[in-house]
Amino acid sequence: MLHSLVGKSLGFIGYTIQYGCIAHCAFEYVGEFVTCSGPSMEPTITNRDVVFSERVSRHLYRIEKGDIVIAKSPFDPKMNICKRVIGLEGDKVCISGPSDSFKTHTYVPRGHVWLEGDNLQNSTDSRSYGSIPYALIRGRVCLKLWPPHNVGLLNESPNDGRINKTEPS
């Protein structure tokens, strides 16, 4: 009887380890569910919305301007941020606020991206901390899952005019 109990226990532990490894690989290389907090992405993503962030695009360098990404915070590596990609390496981006009279610009350095929240008045983003290394991007948000009445693909940026569509020469 003890032999049977030990065998079943070891079998259970083996299956737990196997499925744990599969789950880890799925979350690390395929995607993850993220609960967003804070007002920086309103109205596109609001506080407590749950989104799915896929990781394949990041590994294939397929992040594009206009995509919403989950990235490690440049201030606190334990915290993730959710922002929209406004510029890729080599792009000229406007660093002035929407109400500023004089517009100033900068170029995104090689291997970096420029991120901004959709709620420009209430977002700490690249306008505060500069461009961030591409390596800090964890995934691309492709689907909103919660609340149920808002399930689906994400809307275009309410600040679409800030996304530079042309590459500098």
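Taking CD1 of Ile95 as the start and CH2 of Trp114 as the end, the distance is 5.5 Å to the nearest 0.5 Å. Taking NZ from Lys103 and SG from Cys94, the interatomic distance works out to 5.5 Å, rounded to the nearest 0.5 Å. The line from CZ of Phe33 to OG of Ser53 is 10.5 Å long, rounded to the nearest 0.5 Å. Here the CG atom belonging to Asn47 is positioned 9.0 Å from the SG atom belonging to Cys36, to the nearest 0.5 angstrom. In this structure, the separation between OG1 on Thr35 and CZ on Arg48 is 10.5 Å, given to the nearest 0.5 Å.
At a cut-off of 3.5 Å, with distance as the only test, no side-chain donor of Lys83 or Ser126 sits close to an acceptor on the other residue. Residues Lys92 and Thr106 have side chains that never bring a donor and an acceptor to within less than 3.5 angstrom of each other.
Side-chain N or O atoms of Asp67 include one that pairs as donor or acceptor with a backbone N or O of Glu64 at under 3.5 Å. Of the possible donor and acceptor atoms, none in the side chain of Asn119 sits under 3.5 Å from a partner among the backbone N and O of Glu42. At distances below 3.5 Å, at least one donor-acceptor pair connects side-chain atoms of Thr16 with backbone N or O atoms of Phe12.
By the rule that hydrophobic residues join a cluster once side-chain heavy atoms approach within less than 4.5 Å of another member, Val69 and Met79 end up as members of one cluster. Cluster annotation: Leu153 is connected to Phe52 through the hydrophobic network of ILVMFWY side chains, with a link wherever side-chain heavy atoms come within less than 4.5 Å.
Scanning all heavy atoms of the two residues, the minimum distance from Leu115 to Ala71 falls at CD1-CB, 4.4 Å. Between Gly87 and Val93, the closest heavy-atom pair is CA-CG1, 4.0 Å. Taking both residues in full, the closest heavy atoms of Gly117 and Met41 are given as CA-SD, 3.7 Å, listed atom of the first, atom of the second, then distance. The heavy-atom pair separating Pro74 from Ile81 by the smallest distance is CD-CD1, 4.2 Å. Minimum interatomic distance between Cys82 and Val141 (heavy atoms only, all atoms of both residues): SG-CG2, 4.4 Å.
By the 4.0 Å N-to-carboxylate-O rule, Lys144 lies close enough to Asp49 to be salt-bridged with it. The existence of a salt bridge linking Asp91 and Lys65 is confirmed by a sub-4.0 Å separation between a basic side-chain nitrogen and an acidic carboxylate oxygen. Ion pairing between Arg84 and Asp118 holds under the 4.0 Å rule for side-chain N and carboxylate O. With salt bridges taken as basic N to acidic carboxylate O contacts below 4.0 Å, one links Arg127 and Asp125. For the pair Glu54 and Arg140, the salt-bridge criterion is met [side-chain N within less than 4.0 Å of a carboxylate O]. Ionic pairing of Glu32 and Arg55 is present here: one or more N-O contacts between side-chain nitrogen and carboxylate oxygen are shorter than 4.0 angstrom.
Of the residues listed (Thr44, Leu145, Ile45), the one engaging Val51 in a side chain to side chain contact (heavy atoms under 4.5 Å, CB included) is Ile45, and it is the only one.
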Practice problem: I would like to know whether His112 and Glu89 meet side chain to side chain contact (heavy atoms under 4.5 Å, CB included); could you show each step before the answer? | Solution: CA-CA 6 Å; His112 288 68; Glu89 64 181 38; 5.8 Å; no

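Two residues are said to be in side-chain contact when any heavy atoms from C-beta on lie closer than 4.5 Å; Val85 and Ile63 meet this criterion.
Here ring-ring contact (aromatic ring centres under 6.0 Å, His included) pairs that include residues 115-140, with residues two or more places apart or in two chains, are Tyr61-Tyr134, Phe75-Tyr129.
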